[in-house]
Amino acid sequence: LHNVKLDFEDVLLVPRSSKVVSRANVNLVRTINGKWGSSITGVPIIAANMDGVGTFAMARQLGKHQMFTALVKYLTKDTRGVNKAIMDLPTTFITIGMCEEELDFVTQRDTRNLVIDVANGHLSQFVEFVKIARQKLPKAFIIAGNVVTARGTQDLLNAGADLAKIGIGSGAACTTRRMTGVGYPQLSAVMECARAAKYVGGGVVSDGGCVYPGDFAKAFAAGAEMVMAGTFFAGHEEGGKIDDHGYATFYGMSTHTAQKVHHSEVKDYRASEGRVTRIPGKGPVENTVKELLGGIRSACTYLNAESIEELKEDAEFIQVHNTINRTLEPYTVE
Ligand code: 5GP
């Protein structure tokens, strides 16, 4: 145990002398060139492949803002006309697990954007699977994960990923840290893995743990090319059903609830490493998107950055005991 590892809530960004007078001068759209020759263009934020988040309606709505969505795995196989159009958006990724049948399916579709997602991306078998995916889809933009170590990042990038996805135990609906004692504070994981990626080419996606718009800004400043979020986008109309009391059911994808929805059976040897929750509905995602993008734009003006690339340049973090003044939180009405 050498040094303390940090999370988003342990740090703040330090403002710099800035010439960016207006948030309107900040351009959040960027092109990311992957390690293996392909590229994607958009606002580099991606809704997670979770039920209630990675839906077609979410992909359509976020796509209007050039933001990305990773479709939930089973939706990947939906071939109806209207949904096919959403799947073909340049901002839509489809998600598969470590499953040959799913890989064959996306290969037949000649999928352009692919997330290959498993809970533990450090498995050597997973690294081999990413190699095969790259052989079958040489031109695809591939995100693979999750890992949290420099070695894990480099293994996935060398195997065929354009970006390695970083995060174990950081998700709000995740209980892996409690169940297994395994994890890595997200900010440090992103910083260390982004540095490791530079040596081999490619980059990283920060996945999980973003609660506030400022956390997305911190993830970019720490070196993430893209930021993935689940809970932040959950509870909106685009995610599915809001009940009569105004609540949405939202759960981690390793919960028994998720297993029952997608596999109709729960395997005895697999304990749930996620939470099932009822969260207040948040209305259309449009308002949340405006807040999020507004927050990141504002962060850019504080850091003299006209783009996310500039936000990442030499950003200075300070470690703090308290990031937020909570005095008025219980009384807040808007
Ligand atoms: P959030 O943005 O909600 O904090 O984190 C989203 C991420 O949590 C997802 O992209 C995924 O990596 C992770 N996640 C989703 N469901 C589960 C789960 O049931 N267990 C664990 N360990 N992680 C999950």
Side-chain angles (χ1 to χ4, degrees), residues 7-9 45-63 65 67-76 78 86 92-95 97 115 117-119 145-146 165 167-179 183 186 205-213 215-216 219 227-266 270-292 295 329 332:
D7 241 311
F8 296 129
E9 62 183 309
I45 291 172
I46 179 163
N49 47 299
M50 296 175 74
D51 287 345
V53 178
T55 62
F56 287 120
M58 188 68 77
R60 188 192 297 120
Q61 200 54 32
L62 294 188
H65 295 271
M67 290 163 70
F68 298 88
T69 299
L71 292 176
V72 173
K73 279 178 199 168
Y74 74 96
L75 292 181
T76 299
D78 194 318
I86 298 171
T92 302
F93 278 77
I94 64 183
T95 308
V115 174
D117 187 44
V118 292
N146 280 17
K165 193 150 69 76
I168 291 195
S170 53
C174 156
T175 57
T176 294
R177 292 181 185 175
R178 282 173 198 225
M179 289 297 288
Q186 188 66 11
V205 180
S206 173
D207 176 18
C210 283
V211 180
Y212 305 106
D215 296 334
F216 290 75
V227 180
M228 178 177 268
T231 308
F232 194 86
F233 291 112
H236 292 99
E237 287 165 10
E238 289 78 0
K241 204 164 173 267
I242 311 281
D243 68 21
D244 295 343
H245 304 283
Y247 281 79
T249 299
F250 175 59
Y251 46 83
M253 295 308 283
S254 83
T255 55
H256 293 158
T257 301
Q259 285 183 45
K260 276 186 216 148
V261 168
H262 299 300
H263 307 293
S264 70
E265 56 161 349
V266 175
R270 281 182 70 158
S272 163
E273 288 181 23
R275 253 174 237 290
V276 181
T277 67
R278 254 179 103 232
I279 56 171
K282 301 176 192 163
V285 77
E286 185 69 16
N287 301 337
T288 301
V289 166
K290 283 192 183 132
E291 280 221 358
L292 172 58
E329 274 186 5
T332 303

Please work out whether the ring planes of His262 and Tyr74 are parallel, tilted or perpendicular, with thresholds of 30° and 60°. tilted
Any sub-3.5 Å donor-acceptor pair from Thr95's side-chain atoms to Leu71's backbone N or O? yes
Looking only at heavy atoms, the pair that brings Phe8 and Gly209 closest together is CD1-O, 3.5 Å
Determine whether the side chains of Glu286 and His65 contain a donor N or O and an acceptor N or O closer than 3.5 Å. yes
In terms of heavy-atom contacts, Lys165 and Asp207 come closest through NZ-OD2, 3.0 Å
Distance-minimising heavy-atom pair for Ala248 and Gly235: CB-CA, 4.0 Å
Hey, what do you get for CD1 (Ile45) to OG1 (Thr69), rounding to the nearest 0.5 Å? 11.0 Å
Do any N or O atoms from the side chain of Asp7 and from the backbone of Glu9 form a donor-acceptor pair under 3.5 angstrom? no
Just by distance, do the side chain of Lys282 and the backbone of Ala234 share a donor-acceptor pair under 3.5 Å? yes
Are the side chain of Arg278 and the backbone N or O of Tyr247 linked by a donor-acceptor pair below 3.5 Å? no
Going from NE2 on His236 to OG1 on Thr288, what distance comes out if it is rounded to the nearest 0.5 angstrom? 2.5 Å
Value rounded to 0.5 Å, distance of CZ in Phe233 from CE in Met67: 4.0 Å
Nearest heavy-atom approach of Val115 to Ala70 is CG2-CB, 4.1 Å
At their closest point, which heavy atom of Gly230 faces which heavy atom of Ala48, and how far apart are they? CA-CB, 3.8 Å
Side chain of Glu238, backbone of Val285: donor and acceptor closer than 3.5 Å? yes
Are the side chain of Thr175 and the backbone N or O of Gly274 linked by a donor-acceptor pair below 3.5 Å? yes
To the nearest 0.5 Å, tell me how far Thr92 OG1 sits from Leu75 CG. 11.0 Å
Gap between atom CG of Asn146 and atom CE of Met228 - 0.5 Å precision: 8.0 Å
Taking Thr55 for the side chain and Met58 for the main chain, is one N or O donor matched with an acceptor at less than 3.5 Å? yes
Side chain to side chain, Asp215 and Phe232, heavy atoms closer than 4.5 Å: no
Minimum heavy-atom separation for Ile242 to Gly281, with atom names? CD1-CA, 4.0 Å
Roughly how far apart are Asp51 CG and Met253 CE, rounded to 0.5 Å? 4.0 Å
Okay, side chain of Thr277, backbone of Phe250: is any donor-acceptor separation there less than 3.5 Å? yes
